[in-house]
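Worksheet for the structure shown next.
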Amino acid sequence: MNSGPIIETRDLRKTYRVGKVDVPALRGVDLTVQPGEFLAIVGPSGSGKSTLFHIIGGLTPTDLGRSARGRQDLAAMTEAGRTRLRKRTVAFVFQKFNLLPNLTARDNIAVARHIGGFDSKPEASFEEVLRLLGIANRLDHKPSELSGGEQQRVASPRDCEPPRHSAGRRAYRQSR
């Protein structure tokens, strides 16, 4: 049974004002992502990839067009509603890893899992993800003590969790 797309955009448009100049970031983007579908968004720097992800994730409003997660139109949701949606259905791996500098890698992961509504004590399968990523022995280090690659690998599993429903919990990931 297909419950429809998990992500759908129609004629998305977003322009940023830089000084006296309007800089269009998105010019009429149409995108449909079905449950279980894998896709990659690629393009040169400045082509609007991050803007697209920020709109789909409910972080940034559109200037024009429609963006929906499942059957929920993001523009019709309150900020609190978009925050709940992000906590339950969206996972970002930011270009800047957004690790809290005064916390260890373990604590950064625990805080993100808590905000997402997960048990702060990871399951054995999650521990295996940490081992496979090569960071299991680096969890007691602060971000300043980790390489850039290790910081990225700490940021990635913060959002790993098995899907809660058939459409899949994590619809997309943002990467560099």
Side-chain angles (χ1 to χ4, degrees), residues 2-77 79 81-101 105 108-109 112 115-116 129 132-135 143 146-163 165-176:
N2 185 346
S3 61
I6 56 174
I7 298 171
E8 186 171 27
T9 70
R10 292 291 169 252
D11 197 32
L12 276 191
R13 297 175 186 275
K14 182 68 177 179
T15 300
Y16 293 101
R17 185 123 181 118
V18 180
K20 295 181 180 182
V21 178
D22 287 339
V23 179
L26 299 176
R27 299 177 186 135
V29 174
D30 292 331
L31 174 68
T32 302
V33 181
Q34 298 295 335
E37 186 175 10
F38 178 86
L39 94 128
I41 306 292
V42 297
S45 179
S47 64
K49 300 179 302 292
S50 293
T51 298
L52 176 62
F53 280 110
H54 288 173
I55 290 172
I56 291 171
L59 294 170
T60 302
T62 64
D63 292 339
L64 190 66
R66 180 177 182 274
S67 178
R69 299 267 306 124
R71 292 188 171 101
Q72 297 180 297
D73 184 345
L74 295 177
M77 297 175 77
E79 182 60 37
R82 287 190 300 275
T83 298
R84 279 191 303 277
L85 181 76
R86 280 191 300 275
K87 283 172 47 175
R88 295 189 176 116
T89 67
V90 178
F92 286 104
V93 177
F94 291 96
Q95 291 175 6
K96 293 182 178 123
F97 311 121
N98 294 326
L99 299 175
L100 300 171
N108 267 283
I109 292 169
I115 290 169
V129 168
L132 290 170
L133 289 171
I135 58 171
L146 301 171
S147 72
E150 287 170 331
Q151 289 180 37
Q152 184 173 34
R153 293 192 306 270
V154 167
S156 298
R158 291 183 304 185
D159 301 312
C160 292
E161 193 70 22
H165 54 77
S166 61
R169 183 167 185 281
R170 303 298 187 192
Y172 61 92
R173 301 240 180 250
Q174 178 180 3
S175 63
R176 287 204 250 199

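Just so it is clear, the model here is predicted, and its values are computed rather than measured.
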Next item on the list: Quick one: pull up CD in Gln72 and CD in Glu8 and give me the separation to the nearest 0.5 Å.
Entry: 13.5 Å
Next item on the list: Using side chain to side chain donor-acceptor pair (under 3.5 Å) as the criterion, list what pairs up with Thr32, not counting sequence neighbours.
Entry: Arg10
Notebook entry, point to check: Going through the distances and angles, do Ile55 and Thr9 end up as a side-chain contact (heavy atoms from CB on, under 4.5 Å)?
Noted result: CA-CA 9 Å; Ile55 290 172; Thr9 70; 5.8 Å; no
Next item on the list: With sequence neighbours excluded, give me every salt bridge (charged side-chain N to carboxylate O under 4.0 Å, His left out) pair touching residues 54-65.
Entry: Lys14-Asp63
Item checked: Leu12 vs Ser67 side-chain heavy atoms within contact, under 4.5 Å -> yes
Item checked: Gap separating the CD1 atom of Ile56 from the CG atom of Leu85, nearest 0.5 angstrom -> 11.5 Å
Next item on the list: Heavy atoms only: give me the nearest Val18-Val23 pair and the separation to one decimal.
Entry: CG2-CG2, 3.8 Å
Item checked: Worked verdict on Leu146 versus Arg153 for side-chain contact (heavy atoms from CB on, under 4.5 Å) -> CA-CA 10 Å; Leu146 301 171; Arg153 293 192 306 270; over 6 Å; no
Notebook entry, point to check: If every non-hydrogen atom of Pro35 is compared with every non-hydrogen atom of Pro5, which pair is closest and at what distance?
Noted result: CD-CA, 4.4 Å
Margin query: For a quick test of reading the model, state the closest non-hydrogen atom pair linking Val154 to Ala105 and the distance between them.
Written below: CG2-CB, 3.7 Å
Next item on the list: Could you name each residue pair satisfying side-chain hydrogen bond (donor to acceptor under 3.5 Å, both in side chains) that touches residues 18-30, not counting sequence neighbours?
Entry: Arg17-Asp22
Check: Rounded to the nearest 0.5 Å, how far does CG of Leu99 lie from CD of Glu150?
Finding: 11.5 Å
Notebook entry, point to check: For the atom pair CD (Gln151) and CG (Asn108), what is the distance rounded to the nearest 0.5 Å?
Noted result: 9.5 Å
Note to self: So which atom in Pro143 and which in Pro101 form the shortest heavy-atom distance, rounded to 0.1 Å?
What the structure shows: CD-O, 3.7 Å
Notebook entry, point to check: Any sub-3.5 Å donor-acceptor pair from Lys49's side-chain atoms to Gly43's backbone N or O?
Noted result: yes
Checklist line | Trace of the side-chain contact (heavy atoms from CB on, under 4.5 Å) decision for Leu39 with Leu31 | finding: CA-CA 11 Å; Leu39 94 128; Leu31 174 68; 4.1 Å; yes
Next item on the list: Could you tell me which non-hydrogen atom of Glu79 sits nearest to which non-hydrogen atom of Arg86, and how far apart they are?
Entry: OE2-NH2, 3.3 Å
Margin query: Using side-chain contact (heavy atoms from CB on, under 4.5 Å), reason through Asp11 and Arg66 one step at a time and then give a plain yes or no.
Written below: CA-CA 7 Å; Asp11 197 32; Arg66 180 177 182 274; over 6 Å; no
Checklist line | Atom pair CD/CD1 of Gln34 and Ile6 - distance to nearest 0.5 Å | finding: 8.0 Å
Notebook entry, point to check: Can you check whether Thr15 reaches Pro24 side chain to side chain, under 4.5 Å on heavy atoms?
Noted result: yes
